[in-house]
Amino acid sequence: MSTPGDVTQRWAGALMDGLAGAGLRRVVLSPGSRSTPLTLAALRHPDLTPRVVIDERSAAFHALGLAKAEGRPAAVIATSGSAVANWFPAVVEADMGRVPLILLSADRPPELQDCGANQTMDQIGLFGPHVRAFHPLPPAEADIGWLAPLAARVMAATLQPMPGPVHVNVPLREPLVPTAGTGSAVSGPVPPQRLSARARPSSETLETLERVIGGGRGAIVCGTEDLGADGRAAVLLLAERLRVPVFADGLSGLRFDARAGAAVLAHPDEVARGAPPADWVLRLGGAPVSKALSTWLQTARGRPQVVVCASPRVADPEGTATHVLHADPAEVCRDLKGSPAPECWLRDVVAMDGVAANAAEAICAEDAPFEGNVLRRLVRGLPSGTPLVLGNSLPVRACDWLAGRVPGGPRPFGNRGVSGIDGTLSTAFGIVSALGPGVVVAGDLTFLHDLGGLALGRDLPLAILLLDNGGGGIFDHLPQAGLPEFEQGWLTPPALDAITAARAFGLSAETVATTDEAVAAVRAALDRPAASVIRLPIDRAESLRRFRSFFATRPAPIRPPGSP
Ligand code: TPP
């Protein structure tokens, strides 16, 4: 029996087969998760010559060069989000230079569009008039017969009547690797009720809200957006009034707020893995990074979940919101009354958080460096309020999982709009240019992706902590790690001497051996007028072992209500 993963893989395979049948030979691919079925199909096709280029901007220019030199179309494959946007300069060059290119962009399926899902943006017609044709494919289906004729039309349109780029957008559903397991059919979410559209909610709206979320074992979930000092204060006071825990993302700023007490969970991801579904949830500040938290929200499907956001863009990738309130989250938190939860609820959740905190401390106390102990010690070692930019991939997750709660800690930042690994150094330079000395923590691919950004470093006080784990360490945590093509297609260890590269830009650069040395070097770098690169080598296998052993800690489950 074929699994959903098989159907998706056959779909991607048929598309690639059709393109190869129509004469495609060269495919340039950049690593990513959503694009996995396309990447696998390209790597496994006997007639295609794949080449991996990490930076999508370079990847598209590389394909452009191939197509120019060979006089035949070349294809590029990338994951969804800003990865695809990075093709733009090469696409306009191919348009105006009349070079045949096939742009195969992975995308999220329709149910994950326009709801704050990670790495998702509107990719429909992204390249506008710069492509000869645009084909939005549906999500994979069993009928693949029409893909070969479509592929032939795509190839033809890159050449006739005028050579140029053609864009094929490919929405892909999980599972992204052909695996066992049939998946289960879930019914679609019920559309949420819309409550109001004003910055300050009316008293009727508040009364409705208080009926929806009053009493019971509730929770406040705060995503990656920082609500600002006033907003954070309002959240903390509301949590105190209602006696509920706050599951705050590492980027929300709440865990590093000087006023944060025990109700602001130090390890919300870990607690979400073991806590029973909440009776109600108030969701603020966008979607959190944590997958476990997202799964936990899904276990509470059908119970009241209120999303409060000022903008028309509602972050509800789980599709579990029962109510949406368009209003300023700070105002809502300030005005909302509601009855408190039973006392044992907060006590039990905080106890669970305490177990996770002890486990985090133990895992991070071991000296061998890994992303987890780096983030844990770094947030404790920086002067209060220091801008801390967390690169996507493991840095932002290690902070969420293991940094804990540090009142008076740094001020976190991250690019979670489309969660790209592009432009991270340049973004951090912008932040320190506005706020003064700061730190960016980046993986080696992220560093390489924005190498040109180092040119900004001559007069900006940025400590660049490069966690050099030999490629995309995040992929070790995903099922792709089991594939024979893993190193070639996902891990993609870069051949870069980062120290020499940094010095080529006139920056000071050093390699350190331990986590404590890294934190000390970062602190020293904050006093310099220019940027510094601090490279910390990390053993991937050791890192995976430490993360896994942390996740294996299971605090005692919380008793269901009514039990003694
Ligand atoms: N291209 C862009 C522009 N953004 C992305 N998010 C991706 C591709 C897909 N992607 C997500 S994480 C990742 C990739 C390629 C690997 C990042 O590796 P590295 O920076 O070394 O960090 P690590 O995984 O080791 O923490």
Side-chain angles (χ1 to χ4, degrees), residues 250-251 253 256 364 367-396 398-399 402-403 406 408-415 421 423-469 494 496-538:
L251 286 175
F256 306 136
C364 293
D367 270 335
F370 84 115
E371 296 79 359
N373 69 359
V374 171
L375 264 303
R376 191 169 179 88
R377 295 188 200 180
L378 185 65
V379 296
R380 284 163 181 75
L382 290 176
S384 179
T386 304
L388 171 63
V389 182
L390 298 163
N392 282 316
S393 210
L394 285 176
V396 73
C399 175
L402 283 161
V406 185
R411 181 168 170 198
F413 291 91
N415 281 344
I421 60 163
T424 306
L425 307 184
S426 303
T427 304
F429 278 123
I431 289 168
V432 300
S433 165
L435 298 177
V439 187
V440 59
V441 185
D444 44 319
L445 297 193
T446 303
F447 180 85
L448 176 59
H449 216 300
D450 200 14
L451 207 55
L454 290 177
L456 290 155
R458 283 178 183 265
D459 59 352
L460 289 172
L462 180 67
I464 301 172
L465 179 54
L466 162 59
L467 303 185
D468 190 353
N469 57 13
L496 173 75
D497 176 350
I499 299 294
T500 305
R503 288 185 184 145
F505 284 92
L507 307 185
S508 75
E510 61 182 313
T511 294
V512 293
T514 69
T515 301
D516 285 343
E517 278 171 33
V519 174
V522 165
R523 284 202 64 133
L526 292 175
D527 294 330
R528 283 185 212 123
S532 317
V533 172
I534 299 126
R535 171 179 168 267
L536 177 65
I538 289 178

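For the single chain, residues carry numbers from 1 onward in sequence order.
- Among residues two or more places apart in sequence or in another chain, the salt bridge (Lys or Arg N to Asp or Glu O under 4.0 Å) test is passed with Asp459 by none.
- Here the side chains of His449 and Leu445 are not in contact, with every heavy-atom distance at 4.5 Å or above.
- Distance alone, capped at 3.5 Å, is enough to place a donor-acceptor pair between the Asn373 side chain and the Ala368 backbone.
- In this structure, the side chains of Val441 and Leu467 come closer than 4.5 Å at one or more pairs of heavy atoms.
- Between the CD1 atom of Ile464 and the CG atom of Leu466 there is a distance of 9.0 Å, given to the nearest 0.5 Å.
- Between Leu388 and Val440, every side-chain heavy-atom pair lies at or beyond the 4.5 Å cut-off.
- Residue Leu496 holds its CG atom at 5.5 Å from CG of Leu448, rounded to the nearest 0.5 Å.
- Annotation for Gly436 and Pro461: closest pair C-CG, 4.4 Å, computed over non-hydrogen atoms.
- The distance from atom CZ of Arg380 to atom CZ of Phe256, rounded to the nearest 0.5 Å, is 8.0 Å.
- Here the straight-line distance linking atom CD of Glu371 with atom CG of Leu378 works out to 13.0 Å at 0.5 Å rounding.
- The shortest side-chain heavy-atom distance between Leu536 and Phe370 does not fall under the 4.5 Å cut-off.
- In terms of heavy-atom proximity, Leu465 sits nearest to Ala518 at CD1-CB, 4.1 Å.
- Closest approach of Ala502 and Val533 over heavy atoms only: CB-CG2, 3.6 Å.
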List the atom pairs, with distances to 0.1 Å, where a side-chain N or O of residues 520-529 and a protein N or O form a donor-acceptor pair under 3.5 Å, not counting sequence neighbours.
residue, atom, partner, partner atom, Å
Arg523, NH1, Gly381, O, 2.6
Arg528, NH1, Ser532, OG, 2.7

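- Of all heavy-atom pairs spanning Gly443 and Pro395, the tightest one is N-CG, 4.1 Å.
- For the pair Ile534/Val512, a side-chain contact is recorded, criterion being any heavy-atom separation below 4.5 Å from C-beta on.
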Evaluation steps, side-chain contact (heavy atoms from CB on, under 4.5 Å), between Leu251 and Phe413: CA-CA 6 Å; Leu251 286 175; Phe413 291 91; 5.6 Å; no

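- For the residue pair Thr511/Arg535, the side-chain donor-acceptor check at 3.5 Å is satisfied.
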Stepwise side-chain hydrogen bond (donor to acceptor under 3.5 Å, both in side chains) test for Asp450 and Thr424: CA-CA 7 Å; Asp450 200 14; Thr424 306; over 6 Å; no

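- Put simply, CG on Leu382 and CZ on Arg377 are 14.0 Å apart, with the number rounded to the nearest 0.5 Å.
- No donor-acceptor distance shorter than 3.5 angstrom exists from the side chain of Thr446 to the backbone of Ala442, with no hydrogens or angles considered.
- In this structure, Leu435 and Arg411 have side chains that are in contact, with non-hydrogen atoms separated by less than 4.5 Å.
- A donor-acceptor pair under 3.5 Å links the side-chain atoms of Asn392 to the main chain of Asn415, judged by distance alone.
- Here the closest non-hydrogen pair linking Ser426 and Gly453 is OG-CA, 3.6 Å.
- Rounding to the nearest 0.5 Å places CZ of Phe505 at 9.5 Å from CG of Leu456.
- Of the possible donor and acceptor atoms, one in the side chain of Arg376 sits under 3.5 Å from a partner among the backbone N and O of Leu402.
- When all heavy atoms of Pro437 and Val432 are compared, the pair lying nearest together is C-CG1, 4.1 Å.
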